[in-house]
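The sequence lines fix the lettering, A, B, ..., with proteins before strands; numbering per chain opens at 1. In what follows, every heavy atom counts, from backbone to side chain, and hydrogens, waters and symmetry copies are set aside.
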Protein chains: 2
Amino acid sequence: MPERYHDEIRRLPLFSDLSDESFISLLQGAYVQNFPPQITLIDEGDTSDFLYILVSGAVEMFSTWNGRETSMDTIRPVTTFILAATVKDAVYLMSARTVEKSRLILLPSENVRRIFETDATFAKCIVTELAQGYRSIVKTSKELKLRTSLERLANYLLREQARGGGGAAEFDLPMEKRRLASYLGMAPENLSRAFKALQPYGVEVAGSRITINDEADLRAFAKPSPLIDDASI
Amino acid sequence: MPERYHDEIRRLPLFSDLSDESFISLLQGAYVQNFPPQITLIDEGDTSDFLYILVSGAVEMFSTWNGRETSMDTIRPVTTFILAATVKDAVYLMSARTVEKSRLILLPSENVRRIFETDATFAKCIVTELAQGYRSIVKTSKELKLRTSLERLANYLLREQARGGGGAAEFDLPMEKRRLASYLGMAPENLSRAFKALQPYGVEVAGSRITINDEADLRAFAKPSPLIDDASI
DNA sequence: CAGGTCACTTGATAAATATCAAGTATTGAT
DNA sequence: ATCAATACTTGATATTTATCAAGTGACCTG
């Protein structure tokens, strides 16, 4: 693997505290690969051969059952994914595909498990990463069970606005609407109607451009809660 | 804390590999407490002061938002809960209450974090536990998004049947129906109707007693998948 | 820039699910 | 055992959400 990637992934919280020795050992046999959009990287049910690191582009995690499909998450760089399957040496529970041209690093799962066994620092970083991931999906589950689709959309928009920093009134949706609909657990048609239904609360939609004209009004409807909507806790 | 509990919790995968020294240190300041039913142990949003171990009884994890409540999980002995909040030193994302007379061990979160920092073995056990918990809730999320409430009930019944071992045709629901309804993400009235709707597939209900007359028939409807329904992967 | 593909929207309808308002069982306490 | 409280069930209705069927609009691609 070219050295120029070392720094970039070294900065990830998962690897930053690692000894140089462990880090080098972890990268043995790792390689960088570029993918066009819409390429399936992982099929759920397959055994975990690699830990993936997204360096650029975007990757969708999704799952299927009985002919239905749902979007579970969209990964943005620079992030590792499917860590839990890797450390457990278990099959993947989610599939993954690129949504745009993407560059990934593939770390042999074996390496991850070996360093995990021998390097206490790495084990600690993995704990932090897994605990974060666990809490993140707990919030998602709470949202699915406690909110209607309209409420989920309203809160999603507020989160996206906050993520842009500052709280600018305008921002672009980071994904296609049909994928957003699936992520929020609704049919694409209903996402269209849900956007309409948020107009009275000051939400304007023009293509992928969202304008929140009256944040206070939208918040009054959405009733965001840190225990569901705050990514940092 | 009385010594007689040591063996019992020592057997938990989370603690079994721990050195005696670490184990003793972990238990400093821990105490055993008995609770009657319907006592709130944890309010979501509170800071994580203890790691809980359920020794006997049953505990419901639940969450609320905007006046609504949903049951997230029911903990059975002997199990630890809210590990993620403890190791991250973060607020609890779920509330907890006893559903019957229960005995719990409360381990100061501080201890957990201290031993986690100093004992590599413990860190590794925490990784396993968290990875398991993460994968478990991923399955739950998939089920919520991919299945209708009737399908969720059918698969739940098959899982419960399998959990009893052997695959006996009869078993008792391990919780009240209203709580089961909330856990499965449906109104109690709809759970009643869903049971009725499963009659054609050989499901008989008498109080909390469930009889599955034709497992093959029910499976043909439920279409269970290991990637959602198998707790062991 | 023309044409085709595909995402998105809109309207109509159907299905799933929740709510409300009775009832009927079951449970627990005295 | 009796009574009250509470869980559960059932029916009627309302709401939410999905599906189907046209459209319209955006974005490639040649």
Side-chain angles (χ1 to χ4, degrees), chain A residues 36-38 58 60 64-71 74 97 99-101 143-156 172-199 203-210 221-222, chain B residues 36-38 58 60 65-71 74 97-101 143-156 172-199 203-210 221-222:
Chain A
Q38 301 301 327
E60 177 187 19
T64 56
W65 177 78
N66 193 27
R68 300 169 206 162
E69 179 180 320
T70 190
S71 186
T74 299
R97 69 165 74 97
V99 293
E100 46 190 73
K101 190 166 164 298
E143 172 153 65
L144 279 172
K145 293 184 75 177
L146 290 167
R147 289 176 174 159
T148 66
S149 59
L150 190 59
E151 290 163 346
R152 293 198 293 275
L153 175 60
N155 280 290
Y156 173 83
D172 281 308
L173 292 175
M175 62 183 105
E176 296 165 288
K177 285 178 185 167
R178 60 207 225 84
R179 203 140 41 76
L180 176 58
S182 178
Y183 173 68
L184 293 175
M186 58 207 281
E189 294 94 328
N190 291 324
L191 180 61
S192 271
R193 286 185 260 263
F195 274 124
K196 281 257 164 68
L198 289 180
Q199 270 179 15
V203 175
E204 268 175 46
V205 183
S208 67
R209 192 80 185 159
I210 305 293
F221 169 77
Chain B
Q38 301 302 329
E60 178 186 19
W65 177 77
N66 192 28
R68 299 169 206 164
E69 177 180 321
T70 190
S71 186
T74 298
R97 70 164 73 95
T98 56
V99 292
E100 46 190 75
K101 190 166 164 296
E143 173 152 64
L144 279 171
K145 293 183 76 176
L146 289 168
R147 289 177 174 158
T148 66
S149 59
L150 190 60
E151 290 162 346
R152 293 197 293 275
L153 175 60
N155 280 290
Y156 173 84
D172 282 309
L173 292 175
M175 63 182 103
E176 296 165 290
K177 286 179 185 166
R178 62 208 223 83
R179 202 140 42 77
L180 175 59
S182 177
Y183 173 68
L184 292 175
M186 58 207 282
E189 294 94 329
N190 290 325
L191 179 61
S192 271
R193 288 185 260 262
F195 273 124
K196 280 257 165 65
L198 289 180
Q199 270 180 14
V203 175
E204 268 175 47
V205 184
S208 67
R209 193 78 184 159
I210 305 293
F221 169 76

Roughly, in whole Å, what's the span from [atom1] in [X] to [atom2] in [N]?
X	N	atom1	atom2	answer
Leu191(B)	dA7(D)	CG	C1'	12 Å
Glu151(B)	dA16(C)	CD	P	9 Å
Leu173(A)	dA7(C)	CG	C1'	14 Å
Gln38(A)	dT5(C)	CD	P	18 Å
Arg209(B)	dT26(C)	CZ	P	15 Å
Leu153(B)	dA16(C)	CG	C1'	15 Å
Met175(B)	dA7(D)	CE	P	15 Å
Arg193(A)	dC8(C)	CZ	P	15 Å

Counting side-chain heavy atoms from C-beta on, which of [options] comes nearest to [X]?
X	options	answer
Thr148(A)	dT16(D), dA7(C), dT19(D)	dT16(D)
Ala187(A)	dT17(D), dA18(C), dA18(D)	dA18(D)
Arg178(A)	dC8(C), dC8(D), dT17(D)	dC8(C)

Identify the two heavy atoms, one from Leu153(B) and one from Ala194(B), that lie closest to each other, and give their separation to 0.1 Å.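 The answer is CD2-CB, 3.6 Å.
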Charged N-O contact under 4.0 Å between Glu69(A) and Arg97(A):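 Yes, Glu69(A) and Arg97(A) are salt-bridged.
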Considering heavy-atom distances to DNA chain D, does Glu189(A) or Arg147(A) have its closest nucleotide positioned more toward the 5' end?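 Its nearest nucleotide lies further toward 5', so the answer is Arg147(A).
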Under 4.0 Å: is that the gap between some side-chain N or O of [X] and OP1 or OP2 of [N]?
X	N	result
Asn190(A)	dA18(D)	yes
Ser192(B)	dC8(D)	no
Ser149(A)	dT17(D)	yes

Side chain of Ser182(A), backbone of Ser71(A): donor and acceptor closer than 3.5 Å?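 Between the backbone of Ser71(A) and the side chain of Ser182(A) there is a qualifying donor-acceptor contact (under 3.5 Å).
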For Leu144(B), is there any backbone N or O sitting under 3.5 Å from a side-chain donor or acceptor partner on Lys145(A)?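 A pair under 3.5 Å: no.
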Roughly how far apart are Arg179(B) CZ and Leu173(B) CG, rounded to 0.5 Å?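 Taking CZ in Arg179(B) and CG in Leu173(B), the distance rounds to 11.0 Å.
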